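Fair warning: this is a prediction, and the values are worked out from it, not measured in the lab. Quick note: residue numbers are just sequence positions, from 1.
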Amino acid sequence: MTAPPAPWTEAPPSLPWATPVRAVDTWTAQSDGSTLTLAARLLVPADNPHLRGHFPGMPVLPGVFVIESLCQLLALACAHPGQQPPALRTVRSLRFFAPFLGGDELLLRAHGTQTPAKHWSVKAQAYRHETVLAARLHAELGLEGFDA
């Protein structure tokens with residue numbers, strides 16, 4: 001029997017760390033210590049200024065937003081007062097299958113495992129409107145510096 005899904009939490013209006021953009025509207029996380037099951041939602045407004053100029057005639061959300069959504073989601077899930085959020089260390093793989101257009105909802109589902117070096121190895125899938133697989137991502141995030 002699986003545990004019921006955790007309730008969705010609204011991301012705070014301003015995040016307690018520097019971010020280039022807001023890439024998570026609501027999120028949920030479940031943890032059993034060394035593993036995390038995460039999800040995030042982001043509405044892509046049709047008037048989002050980041051869509052302009054990214055493929056004129058068919059504005060799409062730049063793919064880096066999928067990476068930023070994952071980074072902000074893990075930071076929200078691992079937030080501890082006075083501690084820096086996990087930082088992106090490596091993108092192991094990233095593949096896009098469909099674009100995110102204005103009016104779409106990005107749903108990010110992720111599963112993270114903590115490595116012996118205390119980093120997070122996270123595999124995620126991004127969906128348009130919950131059903132269309134738009135991207136697949138495998139990344140490592142860490143709580144300390146960027147040395148390998």
Side-chain angles (χ1 to χ4, degrees), residues 1-45 48-51 54-55 60-148:
M1 187 159 103
T2 59
W8 290 91
T9 303
E10 276 192 53
S14 63
L15 300 173
W17 60 86
T19 59
V21 294
R22 182 185 178 97
V24 170
D25 289 332
T26 59
W27 64 282
T28 183
Q30 291 181 310
S31 173
D32 72 2
S34 63
T35 63
L36 284 171
T37 302
L38 308 159
R41 294 181 184 274
L42 174 68
L43 178 63
V44 180
N48 183 318
H50 297 97
L51 273 66
H54 203 66
F55 299 116
V60 300
L61 188 70
V64 72
F65 273 76
V66 174
I67 299 170
E68 184 60 27
S69 289
L70 179 64
C71 292
Q72 289 185 23
L73 174 58
L74 195 64
L76 286 163
C78 295
H80 297 289
Q83 184 179 1
Q84 288 288 347
L88 180 66
R89 297 174 56 86
T90 305
V91 175
R92 296 277 178 212
S93 65
L94 176 59
R95 186 160 183 200
F96 294 101
F97 305 102
F100 288 100
L101 308 173
D104 284 349
E105 181 183 60
L106 184 158
L107 170 62
L108 186 68
R109 295 197 180 280
H111 182 77
T113 55
Q114 203 164 33
T115 69
K118 301 293 183 194
H119 299 132
W120 289 97
S121 177
V122 183
K123 293 183 179 180
Q125 299 82 36
Y127 296 90
R128 284 177 63 190
H129 303 292
E130 296 192 22
T131 59
V132 177
L133 180 62
R136 188 173 293 133
L137 165 66
H138 180 193
E140 282 189 19
L141 295 95
L143 295 175
E144 70 281 337
F146 292 90
D147 55 315

If you look at every heavy atom in [X] and [Y], which pair is closest and at what distance?
| X | Y | value |
| --- | --- | --- |
| E68 | A23 | CG-CB, 3.8 Å |
| V66 | A126 | CG1-CB, 4.1 Å |
| W120 | S34 | CZ3-O, 3.6 Å |
| L43 | D25 | N-OD2, 2.8 Å |
| L73 | W27 | CD1-CB, 3.6 Å |
| L133 | Q125 | CD1-CB, 3.7 Å |

(request) Look at the side chain of R128 and the backbone N and O of P99, then say whether any donor-acceptor pair between them is shorter than 3.5 Å. (result) yes
Could you give the distance from [atom1] ([X]) to [atom2] ([Y]), rounded to the nearest 0.5 Å?
| X | Y | atom1 | atom2 | answer |
| --- | --- | --- | --- | --- |
| R41 | E10 | CZ | CD | 13.0 Å |
| L108 | L38 | CG | CG | 8.5 Å |
| L61 | L42 | CG | CG | 7.0 Å |
| T26 | E105 | OG1 | CD | 7.0 Å |
| H129 | L106 | NE2 | CG | 10.0 Å |
| K123 | L137 | NZ | CG | 11.0 Å |

(request) Could you check if a side-chain atom of V60 sits within less than 4.5 angstrom of a side-chain atom of L101, using non-hydrogen atoms only? (result) yes
(message) Counting C-beta onward and ignoring hydrogens, is there a side-chain heavy-atom pair between L36 and L74 closer than 4.5 Å?
(response) yes
(request) Output yes when R109 and E130 qualify as a salt bridge under the 4.0 Å nitrogen-oxygen rule, no when they do not. (result) no
(request) Quick one: list whatever passes ring pair (Phe, Tyr, Trp, His ring centres under 6.0 Å) with F65, sequence neighbours left out. (result) H50
